[in-house]
2 protein chains.
Amino acid sequence: MDAVSACKNPSKKAEQVLDAARRLFVERGFGATNMDALAAAAGVSKATIYAHYDSKEALFAATARRECRRLVVRMAIGEDVAEHRALDTALTHIGRAFLDALMSPEIVGLLRMVIAESTRFPELGQIYYDSAPGQTLTSVTCYLERARREGLLIDCDTRRAAEQFLSLLRGDLHLRILLGHPPPRAERDPAIDEAVATFVARYGARASAS
Amino acid sequence: MDAVSACKNPSKKAEQVLDAARRLFVERGFGATNMDALAAAAGVSKATIYAHYDSKEALFAATARRECRRLVVRMAIGEDVAEHRALDTALTHIGRAFLDALMSPEIVGLLRMVIAESTRFPELGQIYYDSAPGQTLTSVTCYLERARREGLLIDCDTRRAAEQFLSLLRGDLHLRILLGHPPPRAERDPAIDEAVATFVARYGARASAS
DNA sequence: GTCTATATTTCGATAGAC
DNA sequence: GTCTATCGAAATATAGAC
């Protein structure tokens, strides 16, 4: 029951439909999007949509799954952003990349959509979580593990350390963005610096020069 | 345009309607709730609903606003949970209270609803943010300010410290709950301890006995 | 103020021609 | 495979009696 099998008859028009569905569902949500608007946006007729997808719900599920998969790709990039740098510099770079991704309109829209429909489509929540946050957490954990082996960190549970670092970075930014009231951009860089400072205070190797 | 003025004709039945609206909207969301179900749940006729509220949207807005205001009251309680205790004990207690509130089904449901409809009703996001997270942040900042004056904390920006502490507590719990996949409860207390440990590593007074 | 019954609209889904 | 045209259900909103 993935995006492929949900599409009964793959073709170019099926792609157009999926693209339009992504735009409209992400912008307006499931309930506020109707099939007429969807057909118009895709440049096809409603009947064509139903030739490819059994129902509005099936189309939504296929769309959401596809977008979550794309997310995995996006978040996996930047994994090596922190090569060969001092700990705090590397963490700052990771922080910027993380917040950039977190604040991008496509990701925010997708997350809002998934949250909104997580009761109607319970599986989506799991898929999303495994995609974006899961990938990021794994990626950061790997970096911290390397840093620990190199003596930059104290001996610790690197996965929990990664969770804490990401939490410090996220702050209430995530919530505010989801609520439609993002904080001014000027607050971002100081917040990253403070997140790094707190992380280093707990996990930085005491013996390192500072 | 608040909950009062949105209700054209206050009465006992108007209360019943608002109560039913809270339950259904929070459980099922705006789109999946219809006026027939609402009337049945409230024990009144549809016409009665429309005698008190101009439209489904008006009823939703009134309901959401009222629930956000109630939230302020809930979160303000527990402000003095941390009186006369050692720093880490107090922080642990604050942490438990915070997570309890964060995880309560009513609050999660309300938040999900507000996020889901934050494009259709942009004002709601602001109202919610000012209510729950705003109150909590203020409350924790006050405690930290007192602790700082008593010499338990280093000299610091207590508001930012409060933000970081709450972020550490929240972790990705919030996200996972909103996505419908909460982590096992057993992970909660260790996570709180670790949050406190990281916070104290950065902000705890170095001279204090440990 | 509240009800029953109904009007009206919106929207998901389909039939049938090409 | 795709379109035009349409059906039928569901849902919002209202009319009119009490």
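Throughout, a chain's letter reflects where its sequence line sits, starting with A, and its residues are numbered from 1.
How far OH of B:Tyr50 is from NZ of B:Lys56: 8.5 Å, rounded to the nearest 0.5 Å. With values rounded to the nearest 0.5 angstrom, B:Leu18 atom CG is found 4.0 Å from B:Arg66 atom CZ.
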A correct 5'-to-3' footprint of nucleotides 5-18 of chain C, with B, S and - meaning base, sugar-phosphate only and no protein heavy atom under 4.0 Å, is ------SBBBB---
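Considering B:Leu153, B:Leu152, B:Thr158 in turn, B:Leu153 is the only one that fulfils the side chain to side chain contact (heavy atoms under 4.5 Å, CB included) rule with B:Tyr203.
For the residue pair B:Thr136 / B:Ser139, no side-chain donor-acceptor distance below 3.5 Å is found, with atom types taken as modelled.
The OH atom of B:Tyr53 sits 19 Å away from the C1' atom of D:dT14 (whole-angstrom rounding).
Between A:Thr48 and D:dC3, a side-chain N or O to OP1/OP2 separation shorter than 4.0 Å is present.
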| said: Working note: B:Thr141 + B:Thr138, criterion side-chain hydrogen bond (donor to acceptor under 3.5 Å, both in side chains); need CA distance, chi angles, decisive distance, verdict. | reply: CA-CA 5 Å; B:Thr141 304; B:Thr138 302; over 6 Å; no
